[in-house]
Amino acid sequence: MSRFWSPVVHDLEPYVPGEQPKMANLIKLNTNENPYGPSPKVLDAIRLATSDILRLYPDPNATALKQSIADHHQLAINQVFVGNGSDEVLAHVFHAFFQQQAPLLFPDITYSFYPVYCQLYQIDHQAIPLTNAFEIKVEDYFRENGGIIFPNPNAPTSRLLDLAEIEKLLQKNTESVVVIDEAYIDFGGETAIVLVDKYPNLLVTQTLSKSRSLAGLRIGFAVGHPDLIAGLVRIKDSFNSYPLDSLAITAGVAAFEDQAYFEQTCQKVIDSRKWVTSELEALGFTVLPSGANFVFATHPHNDAAELSTGLRKEGVIVRHFKQERIQQYLRITIGSTEENQQLLAVMDTLI
Ligand SMILES: *Cc1c(COP(=O)(O)O)cnc(C)c1O
């Protein structure tokens, strides 16, 4: 607390990211990082770009990266916006589109950064309860609103919504911006990017942090109608001209060039997810059907907070949220085969 703070700072309740412990040898299944690491071609590209060139400012428009993303998704370059992680992209999205008369709608159980951005930008919002099975029912969003946002698959529930449902929502909701946060879409879901040409109020965000294993570089993007993108660019150019450094731009381009590595590693995560799910179920857990690189699981006879503490004592960290409706659940990232085996071995001793 300081008397020098602006009033808005006093009331902020900042987002709390999963911890990045300094201890070595921990099995880190708490922040949905990718166990396989970036493509070797990405690392080569970064090495090549690590030169005297770093004395220059990067391309403020990150044109090369936008072009890669546009080519990958068969879009025009003016339909693409990039930022320093999709968290930054999302912050600009809230700022650019959601300060409206009517409230922003998002699920009661969802990415916990959304209410933080609402507080930062003073955006009125309404939480729409997920069903008892933690599903998004699009009919619940057929009401007056100043915008709609949810992740697909949702976080931390991991549940995937069909593209047909998203289209149903877009057909009904034409007067405000609908944002689908696809941080985990590459783990088996169908992207809504195919709908952006049809719905000028649809914006889809993605990240290179999870499926392309580049969380440390901070690269996120949004795609949508050129007018939406132009709004985001106005915010960005009033905030930071160079959100992406030259190494990130180079690495991002290289990541989209290595499609084979991307597909192989995503498939490995999907296969492991199936295995971890069935092993957890064999231990008595209920595991929600997951479309992400993590599972959301609860045990009928074991307290989730105690399980989390017990795992930690044995060097395995997972995420537990002390939030109503989900305090008996654990969010467990899919790790490497060895990490998954270790998780299950420790869990077996705790149950
Ligand atoms: C991880 C995550 C993000 C943020 O990704 P970054 O690009 O690393 O900032 C955004 N939304 C959801 C739902 C996420 O899980």
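Keep in mind it's a predicted model, so treat the numbers as computed, not measured. We count ligands from 1, going down the list as the structure has it; atoms in each ligand are counted the same way.
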**Student:** Count the heavy atoms belonging to other residues, nucleotides or ligands that lie under 6.0 Å from CZ of Arg234, then report whether that count exceeds 12.
**Tutor:**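 Result for CZ/Arg234: open.
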
**Student:** For ligand 1, is Gly220 a contact, meaning one of its heavy atoms is under 4.0 Å away?
**Tutor:**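 Outside the 4.0 Å threshold, so no.
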
**Student:** If you have a sec, work out which protein heavy atom is nearest atom 8 (O) of ligand 1 and how many Å separate them, to one decimal?
**Tutor:**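 Scanning the protein heavy atoms, the shortest distance from atom 8 (O) of ligand 1 goes to Ser209 OG, 2.6 Å.
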
**Student:** Would you call the rings of Phe221 and Phe256 parallel, tilted or perpendicular, where under 30° means parallel and over 60° means perpendicular?
**Tutor:**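 Rings of Phe221 and Phe256: perpendicular, over 60°.
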
**Student:** Side chains of Asn32 and Tyr184: any donor to acceptor distance under 3.5 Å?
**Tutor:**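 Checked: Tyr184/Asn32 side chains pair up, N/O donor to acceptor below 3.5 Å.
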
**Student:** Ring centroids only, cut at 6.0 angstrom: are Tyr15 and Tyr111 within range, meaning strictly under it?
**Tutor:**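 Here the rings of Tyr111 and Tyr15 have centres that are less than 6.0 Å from each other.
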
**Student:** Ignoring angles and geometry beyond distance, decide whether Tyr184 reaches within less than 3.5 Å of ligand 1 through its nitrogen or oxygen atoms.
**Tutor:**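 Yes.
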
**Student:** How close does the nearest protein non-hydrogen atom get to atom 9 (O) of ligand 1, and which residue and atom is it?
**Tutor:**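 For atom 9 (O) of ligand 1, the nearest protein heavy atom is Arg218 NH2, 2.7 Å.
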
**Student:** Return the closest protein heavy atom for atom 14 (C) of ligand 1 as residue, atom name and distance.
**Tutor:**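 Protein heavy atom at minimum distance: Lys210 NZ, 3.0 Å.
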
**Student:** Distance under 6.0 Å and angle within 45° of the ring axis: does Arg331 meet both against Phe294?
**Tutor:**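 Judged by the rule (NZ or CZ under 6.0 Å from the ring centre, within 45° of its axis), Arg331 counts as positioned above Phe294.
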
**Student:** Considering heavy atoms of the protein only, find what lies nearest to atom 5 (O) of ligand 1 and give residue, atom and distance to 0.1 Å.
**Tutor:**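 Its nearest protein heavy-atom neighbour is Ser86 OG, 3.1 Å.
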
**Student:** Given the ring of Tyr261, does Lys41 sit roughly above its face, with NZ or CZ under 6.0 Å from the centre of the six-membered ring and within 45° of the axis?
**Tutor:**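 No, Lys41 does not lie over the aromatic ring of Tyr261.
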
**Student:** Looking at ligand 1, does any of its N/O atoms fall within less than 3.5 Å of an N/O of Tyr114?
**Tutor:**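 Checking ligand 1 against Tyr114, no N or O pair falls under 3.5 Å apart.
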
**Student:** Considering the heavy atoms of Gly85, write down every atom of ligand 1 situated less than 4.0 Å from one of them.
**Tutor:**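 Taking each heavy atom of Gly85 in turn, ligand 1 has 7 (O), 9 (O) under 4.0 Å.
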
**Student:** May I ask you to identify the nearest protein heavy atom to atom 11 (N) of ligand 1, giving residue, atom name and distance to one decimal place in Å?
**Tutor:**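 Of the protein heavy atoms, Asp181 OD2, 2.8 Å lies nearest.
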
**Student:** Shared ILVMFWY cluster between Leu343 and Val269, side chains joined below 4.5 angstrom?
**Tutor:**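 Shared cluster, yes.
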
